[in-house]
Amino acid sequence: MIQRSISILGSTGSIGTQTLDVAETCGIRVAALTANKSIDLLEQQARIFKPILVAAADAAAAAALRERLADTDVRVLAGEEGVLAAASLPEADTVVTALVGIAGLEPTLAAIDGGKRIALANKETLVCAGPLVMGRAKEKGAEIVPVDSEHSAIFQSLQGSSHKEIKRILLTASGGPFFGWTQKELGKVTPAHALKHPNWSMGAKVTIDSATLMNKGLELLEAMSLFDVPPEKIQILVHRESILHSAVEYCDNSVIAQLGSPDMRLPIQYALSWPERTPGPAKELDLFSCGSLTFARPDTETFRCLALAIQAAKEGDTAPAILNGANEVAVARFLEEKISFLDIPRAVEHALTVVPREEPLTLDAIRRADKLAREAAESYCSKAPF
């Protein structure tokens, strides 16, 4: 395996901690770590992996961390500047972008400007600014290798094939914890229910998105930019077992898929080692114990978030940024138990209805769309009967 040196943006989250598992097992150098406020874990990581720098987005947390690490050689930085410094650190050749939400956009652009390999786990970056990000990566010669299990599976299934041979992408979804439920049943869902994903261990935001199927809508938008395909060439399949992670159907009707245990360490490792493969910490897939593999169509009438994401994908311009910003607010309010589960798609739809679109798609236009979408979603949530 090519010896890599990595910066992990969001090292204390689910993807970040699993990336460190991979780094430890595979002997990968950790050059920088960032978090928001989780300084207990960030301090522990810094002492184990001895990076050049760590950054806490929260200034008070950074000040406390600086005191704690005073006996080490680790530089401690604060705020957005600290995160950007970690993203563009010269000693790192690869940046794992594991930040949650649109907060990952500008650090990803900074890493691209540095010509890094981007191990992309922050789907919102491509959801909101896919054409800008992919265009910048091409201009700067930066590689973008997906970390999402589904996009990694598509990426792996495309190896050795030509883009023009793609008939369609088969994007799988677990269906979340409420597959087969009715709208009436969903009206009684609590955060505790929604945070119990049947197959994957993920952060709270992603887990709620999985429960509403918004996650699959965001992944559709991400796949459009990563693989340069229109939404009509992406079919979503509910695959409850989470064994077949996604597939590509080619013009001759052959289907090439990637299978594996539902273990995020496998796509993380592949993003770091590609084009090579190497032994690592991911669990072995035992096909004898898998049982049947099933596939079903998603219910977009019951799970309105997916329908709204498909609508935004077809519309383009700033519609995906509006969708994403409103969803981030709505999920946060649901986790705070200020709105119901069914209010999440309602808040998103409200934002998509009232926020004007902008073209051409520029970074400033995306920022404005995100801001207005958040304000619209907050307005809806503050008035929602709950």
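All values below were derived from every heavy atom in this structure, side-chain atoms included, with hydrogens, water molecules and symmetry-related copies excluded. Here the structure is a predicted model, which is why all the values come from computation and not from measurement.
In this structure, S157 contributes its side chain and I256 its backbone to a donor-acceptor pair below 3.5 Å. Side chain of E222 to main chain of L126: no donor-acceptor pair is present (N/O by atom type, distance under 3.5 Å, no hydrogens or angles). Side-chain atoms of H245 come within 3.5 Å of backbone N or O of G260 as a donor-acceptor pair. The backbone N or O of S379 sits less than 3.5 Å from a side-chain atom of S382, completing a donor-acceptor pair. N122 places no side-chain N or O within 3.5 Å of a backbone atom of A98 that could act as its donor or acceptor partner. S38 places no side-chain N or O within 3.5 Å of a backbone atom of T12 that could act as its donor or acceptor partner. Distance alone, capped at 3.5 Å, is enough to place a donor-acceptor pair between the R357 side chain and the V355 backbone. Counting only distance, with no hydrogens or angles, the side chain of T72 and the backbone of V74 share a donor-acceptor pair below 3.5 Å. In this structure a side-chain-to-backbone donor-acceptor pair under 3.5 Å is missing from R265 to Q18. In this structure, D299 contributes its side chain and E301 its backbone to a donor-acceptor pair below 3.5 Å.
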Practice item. Could you give me the CA-CA distance, side-chain angles and deciding distance for M264 and I15, then say whether side-chain contact (heavy atoms from CB on, under 4.5 Å) is met? Key: CA-CA 7 Å; M264 281 304 302; I15 294 295; 3.6 Å; yes

Practice item. Quick one: do W274 and Q156 satisfy side chain to side chain donor-acceptor pair (under 3.5 Å)? Show the steps, please. Key: CA-CA 9 Å; W274 175 80; Q156 292 180 59; over 6 Å; no

Exercise for review: Tell me, with the steps shown, if T353 and E349 meet side chain to side chain donor-acceptor pair (under 3.5 Å).
Suggested key: CA-CA 6 Å; T353 301; E349 187 166 26; 5.5 Å; no

Check your understanding: Which is it for Q45 and S11 under the side chain to side chain donor-acceptor pair (under 3.5 Å) test, yes or no, and what are the steps along the way?
Key -> CA-CA 8 Å; Q45 292 173 345; S11 67; 2.7 Å; yes

Point to revise | V133 vs L109, side-chain contact (heavy atoms from CB on, under 4.5 Å): CA-CA, chis, key distance, verdict | key: CA-CA 7 Å; V133 172; L109 290 173; 4.1 Å; yes

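I169 contributes atom CD1, which lies 12.0 Å from atom CD of Q235 (distance to the nearest 0.5 angstrom). Separation of atoms OG (S242) and CG (L293) is listed at 10.5 Å; rounding is to 0.5 Å. From D93, atom CG reaches atom NZ of K116 across 7.5 Å, with rounding to the nearest 0.5 Å. Here the straight-line distance linking atom CG of L323 with atom CD of E328 works out to 10.0 Å at 0.5 Å rounding. With rounding to the nearest 0.5 Å, the separation of SG in C251 from CZ in R168 is 13.5 Å. Here the straight-line distance linking atom CG of L342 with atom CD of E185 works out to 11.0 Å at 0.5 Å rounding.
Grouping the Ile, Leu, Val, Met, Phe, Trp and Tyr side chains by contacts below 4.5 angstrom, directly or via other members, places I344 apart from V329. Under a hydrophobic-cluster definition in which Ile, Leu, Val, Met, Phe, Trp and Tyr are linked whenever side-chain heavy atoms come within less than 4.5 Å, directly or via other members, L41 and L65 are assigned to different clusters. Cluster annotation: I8 and F49 are assigned to the same hydrophobic cluster (Ile/Leu/Val/Met/Phe/Trp/Tyr, side-chain heavy-atom contacts under 4.5 Å, transitive).
Around CD of E336, the count of heavy atoms belonging to other residues, nucleotides or ligands within 6.0 Å exceeds 12. By the neighbour-count criterion of 12 heavy atoms within 6.0 Å, atom CD of E24 is sparsely surrounded, having that number or fewer from other residues, nucleotides or ligands. Counting non-hydrogen atoms of neighbouring residues, nucleotides and ligands closer than 6.0 angstrom, the CD atom of E359 reaches no more than 12 such neighbours. By the neighbour-count criterion of 12 heavy atoms within 6.0 Å, atom NZ of K205 is densely surrounded, having more than that number from other residues, nucleotides or ligands. Atom CD of Q159 sits in a crowded spot, with more than 12 heavy atoms from other residues, nucleotides or ligands closer than 6.0 Å. The environment of E165 atom CD is dense: over 12 non-hydrogen atoms of other residues, nucleotides or ligands sit within 6.0 angstrom. Residue D286 places its CG atom among more than 12 non-hydrogen atoms of other residues, nucleotides or ligands, all under 6.0 Å distant.
The salt bridge (charged side-chain N to carboxylate O under 4.0 Å, His left out) search around D228 returns none, not counting sequence neighbours. Applying the salt bridge (charged side-chain N to carboxylate O under 4.0 Å, His left out) criterion to R346, with sequence neighbours excluded, gives D343. Residues forming a salt bridge (charged side-chain N to carboxylate O under 4.0 Å, His left out) with R68 (at least two apart in sequence, or on another chain): D40, E43.
Counting only N and O atoms by type, the side chains of N324 and D370 include no donor and acceptor under 3.5 Å apart. Judged by distance alone, the side chains of S5 and E91 never bring a donor and an acceptor atom under 3.5 Å apart.
Between A86 and A32, the closest heavy-atom pair is CB-CB, 3.9 Å. Looking at every heavy atom in both residues, I6 comes nearest to A23 through CD1-CB, 4.4 Å. When all heavy atoms of A111 and I118 are compared, the closest pair comes out as CB-CD1, 3.4 Å. What you find for P177 and W181 is that their closest heavy atoms are O-NE1, 4.0 Å. For A57 against V83, the heavy-atom pair with the smallest separation is CB-CG2, 4.4 Å. Among all heavy-atom pairs drawn from I112 and K140, the shortest one is O-CB, 3.4 Å.
A heavy-atom distance below 4.5 Å is not found between the side chains of V354 and Y380. The shortest distance between side-chain heavy atoms of V145 and R117 falls below 4.5 Å. Counting only heavy atoms from C-beta outward, the side chains of M224 and P230 never approach each other to under 4.5 Å. The shortest side-chain heavy-atom distance between V96 and L9 does not fall under the 4.5 Å cut-off. Counting heavy atoms from C-beta on, the side chains of T294 and E241 come closer than 4.5 Å. Between I52 and R29 there is a side-chain heavy-atom pair separated by less than 4.5 Å. L308 has its side chain within reach of P345: a pair of non-hydrogen atoms, C-beta onward, lies under 4.5 Å apart.
Note on ring orientation: taking the six-membered ring where Trp is involved, the planes of F341 and F334 are perpendicular (angle over 60°, cut-offs 30° and 60°). Classification of the F295-H239 ring pair by plane angle, with boundaries at 30° and 60°, yields parallel.
The residues K233 and E249 are annotated as not salt-bridged, no charged nitrogen and carboxylate oxygen being separated by less than 4.0 angstrom. The pair E378-R374 does not meet the salt-bridge criterion, since no charged nitrogen lies less than 4.0 angstrom from a carboxylate oxygen. Looking at R367 and E106, a side-chain N of the basic residue comes within less than 4.0 Å of a carboxylate O on the acidic one, giving a salt bridge. By the 4.0 Å N-to-carboxylate-O rule, E219 lies close enough to K216 to be salt-bridged with it.
With ring centers used as reference points, F303 lies 6.0 Å or more from F178.
Among N327, D209, L306, the one residue that satisfies the side-chain contact (heavy atoms from CB on, under 4.5 Å) test with N215 is D209.
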